[in-house]
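Nothing here was measured: the structure is a model prediction, and the numbers come from that model. Convention: sequence-line order gives letters A, B, ...; per-chain numbering from 1.
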Amino acid sequence: MKHTVFIPCDSAALAAGAEEVAQEIIRLAEEAGIAINIKRNGSRGMFWLEPLVEVEVDGIRHAYGPVSVEQVADLFAADFLNAGTHELYQGVTEDIEYLKNQERLTFARIGITEPLSLQDYEKYDGWVGLKKAISLKPADIVQEVLDSGLRGRGGAGFPAGIKWRTVMQATADQKYIVINADEGDSGTFADRMVMEDDPYMLIEGMIIAGIAVGATKGYVYIRSEYPHAVDTMTEAVRLAREANYLGQNILGSSFTFEIEIRKAAGSYVCGEETALLESLEGKRGIVRAKPPLPALEGLFGRPTVINNVLTMAAVPYVLAQGAKAYADFGMGRSRGTLPFQLAGNIARGGLVEKAFGVTARELIEVYGGGTFTKRPIKAVQIGGPLGAYIPADKLDIAMDYEALAQKGAVLGHGGVVVFDDTVDMAEQAKYAMEFCALESCGKCTPCRIGSTRGVEVIAKIQSQPQQAVAQTALLRDLCDTMLNGSLCAMGGMTPYPVLSALDHFPEDFNITKTEQHAA
Amino acid sequence: MDTVEFHHESVIRQAAQRYRDVPGALLPILHHIQDTIGFIPNQTASELSPILNLSRAEIHGVITYYHHFKQTPPAKHTLAICQAEACQARGCRSLTKEVTEMLAGDHDWHVEHTYCLGLCATGPAIEIDGQLKAHATSEKLQKWIKDAKENA
Ligand SMILES: Cc1cc2nc3c(=O)[nH]c(=O)nc-3n(C[C@H](O)[C@H](O)[C@H](O)COP(=O)(O)O)c2cc1C
Ligand code: SF4
Ligand code: FES
Ligand code: FES
């Protein structure tokens, strides 16, 4: 009997040594004359266990991890091909608590299938949403997306259905679907995983969007820091076209849809949708003033749906299972699930897809297992570099757009970055300003100049404690100007990490709580 | 015109030719040039200007705007180390200092800063000559650097 062994090709697994492990398994199997069938699946998203090697025995997958090259011979000796016991044995994969208790709607296939296998994609419910969409009227597809309550996953949380309806109702010779795969937020990797580990899902979502709004051309704008995602998406588009999921008369219908993959060039602000459109047009990524809305005058001045990868990746499920099935998950106005990303100083970092409403504490403690260093948590940054720092005693907060907004925080793209008690929050605040200065597109003064001033002021607070009271007051003024006078959220939200650090950790800024309140 | 410049010119022209019918293709063209030559040579703006019907200033503006595009030839080896928050939480600041000192004065190496490689659950994350590496420590870095030298 031929044994099937799964070794992920996701870049987080590769960075942990998955390729070397795969080569070693092949080599030792050959040496021993054992026939094995190697599959390169996506990652299950349990990154502390990568490289996670799975073996299939009687149709059930068993997990071993994290496997190093040096341990492979030992695994053979323990008869891992027949699920033998070993210290790396993690049990039946599906039964691992971390995975078992998730609500994987978007990530249902990820880690199970081979990313570029059309056969796998079909076998695990692929293209069902597209076939449904082909049988519906465009307005009914849009209604389905509206009814699902799906909101943009790129950060702003704008209802996807409303955006789609605007584009559907616009008249133009050409409309576009643009995918924002710039995923610049530190602590996030869900878009990367979708593109590397289940690319057809994104393609399927884009075709459905194209049919719904009357667009025949789509672009995926992928950050240059993601070469594996660029390669996988490029190959997936080629294979999908060959199988007539793209091109003309898709699956015998009257619909046409083409996709072009575009590589970005290392600018954070190009994740802002209008800067992204400028970049796609071949220009510097400078933010455009709105209106006009991209939905009416977007790429090359034409009506354009621009959505985040996760937003579009949720669409095939919505169409296949119906709006209600999706909307049944979640809380308040945040419907469905979000693939949360646990990162930074965390014991079990990875991808946790849960319905909105799960608390930050549950994610970090139950799933994440606390800090990696085993020290107490000091603060957690939620929502990327423009997101607020939340102190350890305030983590019982529901992960929901509105609940976080009430506390002056944001959900952003669902990244959760944990810091232990060794972190210096003034240093983190200074970094937020430095990052803004580095990435500012330069269009407005509060962002471009304010961020550089911000770095200087915080440096002074650090080096001249006797001036801290006056300088923190100045820092607050500066943040106020940035909050109110910036065109986009780069300058407008950089104050979130800065002020939250200052509010919760005044001692790191060389002032006492009393001085804080006096200021 | 020396042979290097001539080679560069033909790459630039090839890139422009290849994307002739693609709307808004300046970024793909620049990527093609950098992926082939290793950087964006000086004469790029003036070569592309008449072909793309864009002013030299416009093209130059695009080249300098994006962090990814380099205007000088790369060193033999490049080590990019992530500076962003999730890697800060895992100690990238001290590691950056160490590796910068370790490779200071070695002209074969260029150390650059990057802001998130999407490996934020297993930082500090680095990229050596295009290879992604997780869980970086100073011991592992020394080994990876040694391996990169041997593979060159
Ligand atoms: C500075 C800045 C960076 C952004 N980066 C991203 C990004 O990397 N990915 C993303 O999807 N949205 C990003 N956004 C949000 C986009 O502007 C936009 O809201 C999103 O693409 C809309 O898609 P959605 O409705 O599906 O979320 C960013 C916004 C700002 C202001
Ligand atoms: S806030 Fe900053 S990034 Fe945004 S438009 Fe203004 S200068 Fe550009
Ligand atoms: S990059 Fe434009 S102001 Fe710095
Ligand atoms: S923050 Fe370093 S890889 Fe994401």
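The contact between A:Arg223 and chain B is made entirely by side chain atoms (from C-beta outward), counting heavy-atom distances below 4.5 Å. With a threshold of 4.5 angstrom between heavy atoms, A:Phe47 approaches chain B through its backbone and through its side chain. Using a 4.5 Å cut-off between heavy atoms, B:Pro28 touches chain A through its side chain atoms alone. For A:Glu19, no part lies under 4.5 angstrom from a heavy atom of chain B. Looking at A:Thr188, only its backbone comes within 4.5 Å of chain B, counting heavy atoms on both sides. Heavy atoms of A:Val416 lying under 4.5 Å from chain B are absent altogether. Of the two parts of A:Lys263, the backbone and the side chain both hold a non-hydrogen atom closer than 4.5 Å to a non-hydrogen atom of chain B. A:Glu183 does not touch chain B: none of its heavy atoms, backbone or side chain, sits under 4.5 Å away. Residue contact with chain B, scored on non-hydrogen atoms closer than 4.5 Å, is absent for A:Ala432.
Residues A:Leu280 and A:Tyr176 form no side-chain contact, since every pair of their non-hydrogen atoms from C-beta on lies 4.5 Å or further apart. At a threshold of 4.5 Å between non-hydrogen side-chain atoms, the residues A:Pro8 and A:Glu50 count as touching.
Of the options B:His32, B:His31, B:His60, a ring-ring contact (aromatic ring centres under 6.0 Å, His included) to B:Phe69 is made by B:His31 and by none of the others.
Of the listed residues B:Gly91, B:Ala84, B:Ala125, B:Cys87, the one with more heavy-atom pairs under 4.5 angstrom with chain A than any other is B:Ala84. No other option in A:Gly184, A:Ala16, A:Ser224 has as many heavy-atom pairs under 4.5 Å with chain B as A:Ser224. When each of A:Gly415, A:Ala343, A:Gly17, A:Gly349 is scored by its heavy-atom pairs under 4.5 Å with chain B, the top score falls to A:Ala343. Of the listed residues A:Ala265, A:Gly368, A:Gly350, the one with more heavy-atom pairs under 4.5 angstrom with chain B than any other is A:Ala265. For chain B, the option among A:Ser279, A:Ala12, A:Pro227, A:Ala229 with the highest count of heavy-atom pairs below 4.5 Å is A:Ser279.
Ion pairing of B:Lys143 with B:Glu139 is absent here, as no side-chain N (NZ or NE/NH1/NH2) approaches a carboxylate O to less than 4.0 Å. Remark: B:Lys76 does not engage B:Asp129 in a salt bridge, criterion side-chain N to carboxylate O under 4.0 Å.
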| Working for side chain to side chain donor-acceptor pair (under 3.5 Å), residues A:Tyr268 and A:Asp185 | CA-CA 8 Å; A:Tyr268 178 77; A:Asp185 290 5; 2.8 Å; yes
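Residues A:Ser11 and A:Arg192 bring a donor and an acceptor atom of their side chains to less than 3.5 Å of each other. With hydrogens and angles left out, the side-chain atoms of A:Thr274 and A:Glu272 include a donor and acceptor closer than 3.5 Å. Under the 3.5 Å distance criterion, with hydrogens and angles disregarded, no donor-acceptor pair is assigned to the side chains of A:Asp420 and A:Thr371.
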